[in-house]
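Read through the structure below, which is laid out as structure tokens, and then see the notes.
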Protein chains: 2
Amino acid sequence: MSKRMPPLTALRAFETAARHMSFQNAAAELNVTPAALSFQIKSLEEHLGAPLFVRGNRSVRLTEAGRVLAPGTKDGFEALGAAWRAAYRVNDHASLTVTAGPAFTATWLAPRLYSFARAHPDIELRLSAGLGLVDLTRTEVDVAIRFGYGPDPPELYSEKLLDDWVTPMMTPEMARRHPTRASLSTAPLIHQEDIDFLDPPCDWPAWFRAAGLAPRDWTGQRFSQADHAIDATLSGAGVVLARVSFATRFLAEGRLVAPFRPALRTLAHYRFLCARGSETRPQIAAFRHWLVEQVAQAADHESDHDLIDPHDVHIT
Amino acid sequence: MSKRMPPLTALRAFETAARHMSFQNAAAELNVTPAALSFQIKSLEEHLGAPLFVRGNRSVRLTEAGRVLAPGTKDGFEALGAAWRAAYRVNDHASLTVTAGPAFTATWLAPRLYSFARAHPDIELRLSAGLGLVDLTRTEVDVAIRFGYGPDPPELYSEKLLDDWVTPMMTPEMARRHPTRASLSTAPLIHQEDIDFLDPPCDWPAWFRAAGLAPRDWTGQRFSQADHAIDATLSGAGVVLARVSFATRFLAEGRLVAPFRPALRTLAHYRFLCARGSETRPQIAAFRHWLVEQVAQAADHESDHDLIDPHDVHIT
DNA sequence: CATTTCGGTTAAGTATCACTTGAGTGAAGG
DNA sequence: CCTTCACTCAAGTGATACTTAACCGAAATG
């Protein structure tokens, strides 16, 4: 009959029993005798002042109160278990889990994995591709690489990795029809709106201004998602002002070309993120160091083939 | 050095210590001596194989591992505590927490609260206005009243409360300028798009068809949110086809009028929801019964002043 | 600079509680 | 009808969580 927390072992006994819907199996899982488990449940029910299970003769059913208690206890013990495993992994200097967006993982990270494995053969690197914003202080992910801008969250260690740029892209076929920068004045434009919120804006009017071309009509298809805009471009619908990082794959395959300067630097960039304090853990430090190295190499490489012109840019 | 779960009491000791950042205070909270707490933490660290606190001489700091473990254990014990309190409340037949949307709470529920208090003076009714979809099986909310359509979630008990209707509404001034149904053919229309997904559709074309009026051009302002559309209507921008439940307040105040039939019934409706099984708990049953009663009375009342014409409707 | 104070630690002793054993119960199932 | 199975009960035991009391070292105090 107490509102105070019951003994935790009794709660765990209940959680296990509710999960198995059997005292027998629950007792087996906890490595105790059924009698012990029965007693624990009973003491919990005394604490609560009401039964949690209806004892059928060869089975048990949850009561209303039991049904309310079960999901919460399950959540609770799962959280505790996850936390414990996460803490345990801190001492494990042999593995490292990194999450990044699918595009970045596939086009940037995966091809370089062998290089990392060679440099750090003792570290097992696990990749987790996904856009969901994982909570680095609460999950088993050590490092996140995310694209974004704005102030760094204070509870995280953050380091800028890569700038990103937007530049006109089109199919080679489209490029033949519009061989000069000026000919873009008549090309069908594809607008991708999820980068418009950036400041300075990285949209077509901004690019025309930066290119020294006269403003034109800004009609054309508008997409709110980058991959849709690139899909449309791939199908020959027009010329898109796309983020280089999203399109590297298609540029490399020759399905898209980016013949015209300037490229506009977006304010947003790729960032290395980990829980503040964990940047000194050996595997994380090693990975960060390696990443920065790779970024530097890649930058050299890219300025070679003149895809991007860093000098031409920076509208304010 | 074990990956197995540590003793739960030790985990709780750690959680409390991490929250207070002081063994002394943590011991006080748990009603034990500092020595006991110190020992618990020590045993936990042995289990983990690494220290969780750095012992400064008059203070403690978390280690890396401690920083990883702390938030998860906090979450876990909070979940357990919430679950326990929720289970405890099941036996508490004296209070009842209900969540509903802000509009429904303000215009429908709140004015009738006194009636409920008179009918059930022993039940303390708590209201929680908000649109967030609370999880009735995991939180301390007993009952939700939500607007929606589609199949009922299987883990919930669900009962239809109120149909909703859409009918043309405008300011009295606008109604003077458009005194007949037919005159709506030239009135400025306001479109509210969040009800279009309903099947059968409840948009202006459907209403004109149901009214036996000729189709017209469907230009006019379009809003994705109902309150914006009603705001525009209130400012005299045109005639809106709005859900009655959203506008009752303005209709009652005379700021809007709804002179023209028919009213179209939407497929969506207000529903009473609670965790399956808990519909038999006395306060919940009492509240449900009272709600149904109130709904019946309101229906009588509304058909009085001829706001809605249930016979005229049902396009398929 | 000595002294106090405070927060944490250690070690030994103790009370509690979680568990086991073994017998018991009542209904489902052959 | 008798067996079996899942849970319960009571008594005894062992682990564990806790207390007491002494100890330690740095920060605060005079």
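Small disclaimer: the values here were computed from a predicted structure and weren't measured. These values consider heavy atoms only, across backbone and side chains, with no hydrogens, waters or symmetry-generated copies. Reminder, nothing fancy here: chain letters follow the sequence lines and each chain counts from 1.
Considering all non-hydrogen atoms of both residues, A/Glu140 and A/Ala82 come closest at OE2-O, 4.0 Å. Summarising the geometry of B/Leu30 relative to B/Ala13, their closest heavy-atom pair is CD1-CA, 4.0 Å, with the distance given to 0.1 Å. Closest approach of B/Leu62 to B/Ala18, counting heavy atoms only: CD2-CB, 4.4 Å.
A donor-acceptor distance shorter than 3.5 angstrom exists from the side chain of A/Thr63 to the backbone of A/Pro51, with no hydrogens or angles considered. With hydrogens and angles ignored, the 3.5 Å screen pairs no side-chain donor or acceptor of B/Gln283 with any backbone N or O of B/Leu125. Of the possible polar contacts, none joining the A/Asp163 side chain to the A/His269 backbone as a donor-acceptor pair under 3.5 Å is found. Side-chain atoms of A/Arg67 come within 3.5 Å of backbone N or O of B/Arg276 as a donor-acceptor pair. Remark: the backbone N or O of A/Ala70 is paired with a side-chain donor or acceptor of A/Thr73 at under 3.5 angstrom. At least one donor-acceptor pair under 3.5 Å links the side chain of A/Glu279 to the backbone N or O of A/Gly277.
The aromatic rings of B/Phe272 and B/Phe287 lie tilted to each other, with the angle between the two planes from 30° to 60°. Under the 30°/60° scheme for interplanar angles, the aromatic rings of A/Phe53 and A/Phe14 are found to be tilted.
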- request: Treat primed atoms plus P, OP1 and OP2 as sugar-phosphate and everything else as base, then score nucleotides 10-23 of chain C 5' to 3': B for base contact with protein heavy atoms under 4.0 Å, S for sugar-phosphate contact only, - for none.
  value: B-------SSBB--
task: Walk me through it: do A/Arg55 and A/Glu45 pass the test salt bridge (charged side-chain N to carboxylate O under 4.0 Å, His left out)?
output: CA-CA 13 Å; A/Arg55 273 77 164 176; A/Glu45 289 173 327; 2.7 Å; yes
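The distance between the ring centers of B/Phe147 and B/Phe104 does not fall below 6.0 angstrom.
Taking CG from B/Leu48 and CD1 from B/Ile41, the interatomic distance works out to 12.0 Å, rounded to the nearest 0.5 Å. Here the straight-line distance linking atom CD of A/Gln294 with atom CH2 of A/Trp108 works out to 5.5 Å at 0.5 Å rounding.
For the helix from C/dC1-D/dG30 to C/dG30-D/dC1, the end axes, each set by the C1' atoms of five terminal pairs, are bent relative to each other by 30° (nearest 10°).
In the region residues 18-29 of chain B, proximity to DNA chain D at under 4.0 angstrom, judged on heavy atoms, holds for none of the residues. For the contact set between residues 59-72 of chain A and DNA chain C, defined by any heavy atom under 4.0 Å, there are no members.
Reading DNA chain D from its 5' end, the first and the last nucleotide to sit under 4.0 Å from a heavy atom of chain A are D/dT4 to D/dC9.
Side-chain contact check for A/Thr99 and A/Arg146: at least one donor-acceptor pair (N or O, by modelled atom type) lies under 3.5 Å. No donor-acceptor contact under 3.5 angstrom links the side chains of A/Thr137 and A/Glu155, judged on distance only.
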Identify the pairs formed between an N or O of the protein and an N or O of nucleotides 24-26 of chain C at a distance under 3.5 Å, and give each distance.
from   : atom 1 : to      : atom 2 : distance (Å)
C/dG26 : O3'    : A/Asn57 : ND2    : 3.2

